[in-house]
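Only this structure's heavy atoms are used, side chains among them; waters, hydrogens and symmetry mates stay out.
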Number of protein chains: 2
Amino acid sequence: MARSMHVRRPATLASLAAELGVSRTTVSNAYNRPDQLSPELRRRVLETARRLGYPGPDPVARSLRTRKAGAVGLLLTENLSYAFRDPAAIGFLEGLALACEDAGTGLLLVPANPEREDVAAVHRAGVDGFVVYSVPDDDPHLAAVLERPVPTVVCDQPDLGNVDRVGIDDQAAMNSLARHLIALGHRRIGVVCMRLARDRNDGYVTRERQRSAHFHVQRARLAGLAEAFAEVGVEWSAVPVVERFDHTIASGASAAAQVLDRDPQITALICTSDILALGALGEARKRGLNVPHDLTITGFDGIREAEQAGLTTVRQPVLEKGRAAGKLLLDPAERTRPRSVTLSTELVVGATAAAPRGAVEERWFGP
Amino acid sequence: MARSMHVRRPATLASLAAELGVSRTTVSNAYNRPDQLSPELRRRVLETARRLGYPGPDPVARSLRTRKAGAVGLLLTENLSYAFRDPAAIGFLEGLALACEDAGTGLLLVPANPEREDVAAVHRAGVDGFVVYSVPDDDPHLAAVLERPVPTVVCDQPDLGNVDRVGIDDQAAMNSLARHLIALGHRRIGVVCMRLARDRNDGYVTRERQRSAHFHVQRARLAGLAEAFAEVGVEWSAVPVVERFDHTIASGASAAAQVLDRDPQITALICTSDILALGALGEARKRGLNVPHDLTITGFDGIREAEQAGLTTVRQPVLEKGRAAGKLLLDPAERTRPRSVTLSTELVVGATAAAPRGAVEERWFGP
DNA sequence: TGAAGTGACCGTAACGGTTCAGAACCAATT
DNA sequence: AATTGGTTCTGAACCGTTACGGTCACTTCA
């Protein structure tokens with residue numbers, strides 16, 4: 001009766017030890033180092049634990065003492081749920097999860113909603129390290145992560161100099177795609193890209209905004225395009241580049257519409273992601289344009305949906321990126337100077353790119 | 001020089017307080033309750049922190065003291081990466097992530113590889129609660145979670161009596177799908193289901209194994225089928241039920257092949273998931289069967305790929321399931337008796353189910 | 001002028017463990 | 001008899017923080 005009046009304090013290692021008349025050390029050993037005590041005593045400890053409802057050593061207290069959390073944090077800076085909607089992000093997550101699993105480590109998704117600039121979640125995260133995936137380089141969450149005294153791996157970020165990095169050569173990859181289109185004869189192009197900064201700017205992009213883009217990946221891809229087309233005399237500032245904040249198929253479609261409305265004479269529409277390209281593909285179809293003969297459309301990423309659509313694109317190893325990031329972070333090896341892993345990409349020649357009609361005629365009537 | 005000889009102990013709240021000549025409490029307040037000290041002192045504290053390289057209060061120590069981890073654990077018991085491959089699981093994750101985000105809480109993916117029965121990860125997880133999603137009811141990880149003294153929400157599990165639950169009525173949902181097929185005239189059916197227990201059993205399933213299946217969802221769906229078909233006089237033990245351990249399109253195809261090879265006279269193949277059904281669809285196509293006229297095929301889940309394929313299936317609100325689980329877990333409201341949320345499902349009549357040829361003839365020649 | 005407030009800061013006691021250097025004991029060896 | 005070695009268990013320090021209940025100086029008000 002009276003027993004039930006006060007809240008029964010939950011059992012702890014100490015109370016268990018007291019009950020048994022042994023030291024805390026011994027109880028701890030019963031759980032963590034069975035070889036340090038006699039089997040008989042261990043049995044008694046575990047049995048008493050069960051009787052008292054002791055759930056085993058508290059993970060947080062243990063983490064404090066051992067300085068190991070057994071988890072890595074992942075910073076995405078999108079609404080967390082975004083990660084589960086974008087195929088490339090999912091692939092990355094899968095790779096990262098694989099690496100974590102191999103190491104028996106948990107993966108903590110850190111809520112980093114870009115709207116409320118609440119960095120507290122980064123400070124609260126009990127993790128042994130961070131992986132940062134594709135956030136703007138001026139993101140306060142990224143800054144908060146870098147201040148934490150734990151190892152960090154950034155992915156799809158510019159080289160920060162003092163942390164490990166995983167990525168691809170976006171500029172070179174996009175450059176090679178551009179050269180492919182140039183070889184096909186394209187000179188009048190339009191571009192659809194993902195968001196370039198934290199502010200929403202659904203529309204045309206100035207040269208300056210391209211240069212100062214805070215998303216490294218987008219900046220590099222645009223640079224790769226500009227570089228290639230400049231070489232063949234295309235004046236980049238005349239190339240229409242349209243940006244979309246939301247990374248969805250619908251965004252791709254509307255962006256394509258915007259470009260085609262103003263510049264119907266373009267022969268190729270280069271998108272900086274497959275998702276956007278799939279949207280553009282839909283828009284072209286809606287307009288009765290024959291892809292690739294009326295309009296070439298290309299993407300970037302190499303997601304499965306793109307493959308099914310026969311998209312000409314650049315395939316990047318998203319799963320490997322995640323896995324590499326995890327391995328780098330969890331690798332107990334010498335953590336000397338910051339390491340950098342650059343994975344290779346592959347130009348996927350699909351069915352959505354072909355010589356523009358003009359180029360075909362040129363060849364036809366040529367010498 | 002000499003300074004660099006020994007490892008500089010990282011700054012702590014205490015060392016910072018000592019340096020400043022104030023109490024630890026004050027430093028703590030500088031971070032957590034700015035209103036508790038003068039702006040001037042707070043400024044000094046933060047500045048000194050920067051100078052000493054103090055990264056702010058240690059999250060683990062804080063968690064220990066406040067008894068809040070700021071994260072919820074998710075137990076999946078598949079290879080972690082599985083979650084990122086199955087559309088239904090992804091939808092669940094997305095919903096759960098949304099709920100966590102709303103609450104500013106992290107989401108910890110607990111590595112629970114079913115192969116090595118290593119429950120340690122569950123013990124190590126510093127979380128304020130657990131969500132358990134679709135694990136076998138005899139899974140040791142589940143048992144370990146239930147022993148932890150934190151609130152838990154199970155999803156797609158049998159009612160455990162003492163923890164919150166989120167799910168759908170799998171039996172009723174499958175029952176209504178079955179009735180739909182029965183109304184169409186189907187009596188000779190085959191079934192393809194997901195794994196029923198932790199052991200691999202790629203092949204026919206005995207009645208006993210169905211009854212004792214450790215995956216509640218599969219057991220309930222099979223029961224719903226059996227129930228409906230028994231009502232119209234179909235002897236369930238004669239119905240071929242084939243199980244597949246791996247939940248992939250390829251598995252669905254091979255399972256369909258296995259059924260069709262032995263029982264080519266069936267008019268409908270009922271799959272307990274869309275993924276399996278998509279595989280079956282492929283196999284049917286490969287065999288030159290006309291779906292639905294030669295063979296009716298149905299799924300379960302209502303994933304997007306199924307919709308695109310025009311699959312007749314049952315749609316369940318996977319995202320809502322995740323969100324509901326998160327809300328239940330994070331809801332600060334009266335945590336009285338265990339709560340149970342059952343979400344509704346919807347029969348999706350697609351293009352992969354039709355009356356069997358026989359039934360058409362019957363009607364043709366009927367009275 | 002004395003009582004009651006108020007703002008700013010502090011001391012102590014947890015929070016629940018792990019770890020490491022021994023202590024105590026016993027058997028076997030020298 | 002003294003030494004050695006091995007097991008089994010203990011004591012005390014430590015991990016870094018926050019909660020709680022103060023103290024103390026300085027208004028404010030009747």
Expressed as a whole number of angstroms, how long is the span from R67(B):CZ to dT17(D):C1'?
13 Å
Distance-only donor-acceptor hits, side chain of residues 96-107 of chain A, under 3.5 Å, sequence neighbours excluded:
from    : atom 1 : to      : atom 2 : distance (Å)
E101(A) : OE2    : L80(B)  : N      : 2.3
T105(A) : OG1    : A103(A) : O      : 3.4

Could you give the distance from CZ (F130(A)) to CG (L108(A)), rounded to the nearest 0.5 Å?
7.5 Å
Which residue pairs pass the ring-ring contact (aromatic ring centres under 6.0 Å, His included) test with at least one member in residues 95-127 of chain B, sequence neighbours excluded?
none
Go through the structure and list residues passing side chain to side chain contact (heavy atoms under 4.5 Å, CB included) with V132(B), not counting sequence neighbours.
L75(B), V135(B), L142(B), V145(B), T152(B), V154(B), Q157(B)
Indicate whether any N or O donor in one side chain lies under 3.5 Å from an N or O acceptor in the other, for T26(A) and S23(A).
yes
List for me each residue that meets side chain to side chain contact (heavy atoms under 4.5 Å, CB included) alongside T12(A), sequence neighbours excluded, and say none if there are none.
A14(A), S15(A)
Does a side-chain N or O from R62(B) land closer than 4.0 Å to OP1 or OP2 of dT18(D), or not?
yes
Any residue meeting side chain to side chain contact (heavy atoms under 4.5 Å, CB included) with T48(A), in chain and number order, not counting sequence neighbours
L16(A), E19(A), L20(A), R51(A), L52(A)
Just call it for V60(A): base, sugar-phosphate, or nothing, with non-hydrogen atoms closer than 4.0 Å on any strand.
nothing
Starting at CG of D35(B) and ending at P of dG7(C), how long is that distance when rounded to a whole Å?
10 Å
Holding to side chain to side chain contact (heavy atoms under 4.5 Å, CB included), I want the full list of residues that pass it with P140(A), two or more places apart in sequence or in another chain.
E117(A), V119(A), R198(A)
Take atom CG of L64(B) and atom P of dC15(D), then tell me their distance rounded to the nearest Å.
14 Å
Determine the interplanar angle of the Y31(B) and Y54(B) rings, folded into 0 to 90°, and report it as parallel if under 30°, tilted if 30 to 60°, perpendicular if over 60°.
perpendicular
Sugar-phosphate, base or nothing in reach of L37(B), heavy atoms under 4.0 Å:
sugar-phosphate
Can you sort out which residues in residues 119-128 of chain B have a heavy atom within less than 4.0 Å of DNA chain C? Ascending by number, please.
none
Along DNA chain D (nearest heavy atom to each residue), the more 5'-positioned of S38(A) and G56(B)
S38(A)
Which pairs, with at least one residue in residues 64-76 of chain B and sequence neighbours excluded, count as a side chain to side chain donor-acceptor pair (under 3.5 Å)?
D58(A)-R67(B)
Could you work out, with salt bridge (charged side-chain N to carboxylate O under 4.0 Å, His left out) as the rule, every residue matching R195(B), not counting sequence neighbours?
E78(B)
Comparing A14(A) with Q36(B), nearest DNA chain C nucleotide closer to 5' gives the residue Q36(B)
By salt bridge (charged side-chain N to carboxylate O under 4.0 Å, His left out), which residues pair with R42(A), not counting sequence neighbours?
none
Interatomic distance, K68(A) NZ vs dG16(C) P [rounded to whole Å]:
23 Å
Below 3.5 Å between N/O atoms, which protein atoms pair up with nucleotides 19-24 of chain C? Just atom names and distances, please.
from    : atom 1 : to     : atom 2 : distance (Å)
dT19(C) : O4     : T25(A) : OG1    : 2.8

Return no unless some side-chain N or O of Y54(B) is found under 4.0 Å from OP1 or OP2 of dT17(D).
yes
Calculate the interatomic distance between E40(A) atom CD and dC9(D) atom C1'; express it in whole Å.
15 Å
OP1 or OP2 of dT10(D) less than 4.0 angstrom from a side-chain nitrogen or oxygen of S23(A), does that happen here?
yes
How close or far is atom P of dC15(C) from atom CG of D58(B), stated in whole angstroms?
19 Å
Based on the rotation axes of five pairs at each end, what angle does the helix from dT1(C)-dA30(D) to dT30(C)-dA1(D) bend through, to 10°?
50°
